[in-house]
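Below is one structure, written out as structure tokens; comments come after it.
So you know, we letter chains A, B, ... as the sequences are listed, proteins then strands, and number each from 1.
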2 protein chains.
Amino acid sequence: MARPREFDMNAAVDGAMQIFWRLGYAATNLPELLSAMGLSRGSFYKAFGDKHSAYLAALDHYDRNCIGAAVKLLGDRSIGDGAMRIVRLFEQTGCGEGVAPRGCFVCNAMVELGPHDGAVASKTAAMSNRLEAAIFDALGDIANLQNDDAASRRRKAAIITRLYLGAQAMSKTGDRDADWKNLLGELLDCDIA
Amino acid sequence: MARPREFDMNAAVDGAMQIFWRLGYAATNLPELLSAMGLSRGSFYKAFGDKHSAYLAALDHYDRNCIGAAVKLLGDRSIGDGAMRIVRLFEQTGCGEGVAPRGCFVCNAMVELGPHDGAVASKTAAMSNRLEAAIFDALGDIANLQNDDAASRRRKAAIITRLYLGAQAMSKTGDRDADWKNLLGELLDCDIA
DNA sequence: ATTGTTTTGTACCAATTGGTTCCTAATAAT
DNA sequence: ATTATTAGGAACCAATTGGTACAAAACAAT
């Protein structure tokens with residue numbers, strides 16, 4: 001018994017994610033945010049409460065979509081073995097050919113707000129853990145590593161997760177390390193087709 | 001034939017580095033910055049011009065001091081072999097036990113401003129390159145790796161640099177991966193005393 | 001001591017910040 | 001059709017933003 005909302009909630013949150021991802025939290029002002037979300041001040045404050053809550057919603061959106069896609073990719077046996085899938089992860093998200101590389105929203109968020117914002121810290125930590133777990137699983141699908149014990153695979157997964165985030169950070173200065181096959185091959189001590 | 005400046009330039013720049021490192025560029029406002037630098041508006045704008053220039057000066061200060069110290073550590077043969085020195089780098093700077101981890105200023109800066117600020121992008125890229133070069137050199141001082149060709153060492157250095165930055169990013173959410181000996185031992189395929 | 005030059009600190013500024021108010025419009029239930 | 005309830009949008013707000021103007025103060029050279 002009330003007026004239904006006109007805007008598409010999912011599209012609005014997606015717009016928020018895009019602009020926060022590109023500019024960061026502090027550097028995104030309300031007018032830009034509203035424009036990216038496609039809604040007016042009234043609707044925004046009614047639906048989200050404040051800028052910070054919209055940021056958290058954008059992080060959740062990233063978790064559902066982007067991290068979800070990465071996890072799916074890492075578990076997709078139709079692509080190749082675990083090593084191949086990890087290479088794909090780096091190749092696909094390690095370097096956008098576009099003008100202004102956004103890096104990884106998780107990396108951006110943990111660096112900008114991690115130490116000063118508990119909610120952001122826990123959300124981003126959860127996402128990097130999710131990624132690390134998926135990488136760990138993918139490592140189980142590599143012929144050369146079948147003899148590795150779980151502890152060794154866990155260490156490799158920790159390394160690759162941090163390598164991924166570091167590469168994302170460096171991508172923001174224009175760094176393009178395209179040779180992920182050889183780099184990850186070196187790390188995993190195997191040739192990657 | 002003029003009034004000499006009263007404040008210590010080096011101390012002021014160091015103060016700027018501390019606050020920018022901890023809070024980031026956008027989240028640091030003038031009053032906080034001035035307080036951290038220990039000078040008044042007049043002196044600040046006379047000596048630095050504007051906030052952005054002070055930030056660049058802080059980055060240079062970090063390069064001279066912190067990156068300089070890391071490079072020195074990595075090249076200090078009195079500490080141990082190259083692997084040991086790399087482990088030390090991670091142990092010493094990977095996780096401050098303090099309350100609010102600042103991570104690495106280079107990582108913070110490239111993530112926050114890299115895509116939108118050419119000067120910051122080139123300075124931070126130069127610093128990460130400097131670190132990578134020092135890591136490459138340290139890899140030359142490891143017995144197990146003597147048979148590696150330069151290309152392989154270059155790849156390992158690229159991996160370790162990105163691993164380092166990724167670990168710095170994750171440290172900001174409270175992540176403490178204390179087991180760098182085993183992690184880097186896994187990566188370099190050798191035991192590290 | 002006077003002068004020329006530069007630092008320092010305060011008062012001030014327009015512009016922008018995130019956020020609120022409040023009125024109108026639109027809908028669902030009755 | 002009326003009513004209760006919520007969405008939408010514009011006007012408005014105090015506070016804060018980075019930056020400037022300017023006068024007083026401190027020196028060095030003469």
Tabulate atom names and distances for all N/O pairs under 3.5 angstrom spanning the protein and nucleotides 18-21 of chain C.
| unit_1 | atom_1 | unit_2 | atom_2 | d |
| --- | --- | --- | --- | --- |
| C:dG18 | OP1 | A:T28 | O | 3.3 |
| C:dG18 | OP1 | A:K51 | NZ | 3.0 |
| C:dG18 | OP2 | A:L30 | N | 2.8 |
| C:dG18 | N7 | A:R41 | NH2 | 3.1 |
| C:dG19 | OP2 | A:Y45 | OH | 3.1 |
| C:dG19 | OP2 | A:K51 | N | 3.2 |
| C:dG19 | N7 | A:R41 | NE | 3.2 |
| C:dG19 | N7 | A:R41 | NH2 | 3.0 |
| C:dG19 | O6 | A:R41 | NE | 2.4 |
| C:dG19 | O6 | A:R41 | NH2 | 2.9 |

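Atom CG of B:L33 and atom P of D:dT17 are 12 Å apart (whole Å). Residue B:F48 contributes atom CZ, which lies 14 Å from atom P of D:dG19 at whole-angstrom precision. Distance CZ (A:F7) to C1' (D:dT6): 12 Å, rounded to an integer number of Å. In this entry the distance linking NZ of A:K46 with P of C:dC22 reads 13 Å, nearest Å.
Every residue meeting the side-chain contact (heavy atoms from CB on, under 4.5 Å) condition with B:A47, not counting sequence neighbours, appears here in chain and number order: B:R5, B:F7. With sequence neighbours excluded, the residues satisfying side-chain contact (heavy atoms from CB on, under 4.5 Å) with A:A134 are A:V71, A:L74. Applying the side-chain contact (heavy atoms from CB on, under 4.5 Å) test to A:A151 and every residue at least two apart in sequence or in another chain returns A:D149, A:R154, A:R155. Judged as a side-chain contact (heavy atoms from CB on, under 4.5 Å), and not counting sequence neighbours, the contacts of A:D148 are A:L145, A:S152, A:R153, A:K156, B:E186.
Using a 4.0 Å cut-off between charged side-chain N and carboxylate O, B:R130 and B:D63 make a salt bridge.
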Can you list, pair by pair, the side-chain donor-acceptor contacts under 3.5 Å of residues 27-39 of chain A, counting residues two or more places apart and other chains?
| unit_1 | atom_1 | unit_2 | atom_2 | d |
| --- | --- | --- | --- | --- |
| A:T28 | OG1 | A:G24 | O | 2.6 |
| A:N29 | OD1 | A:E32 | N | 3.1 |

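For the salt bridge (Lys or Arg N to Asp or Glu O under 4.0 Å) condition, no pair includes a residue of residues 34-59 of chain B, sequence neighbours left out. Sequence neighbours left out, the pairs with a member in residues 118-128 of chain B that pass salt bridge (Lys or Arg N to Asp or Glu O under 4.0 Å) are B:D60-B:K123.
Within residues 10-19 of chain B, no residue has any heavy atom closer than 4.0 Å to DNA chain D.
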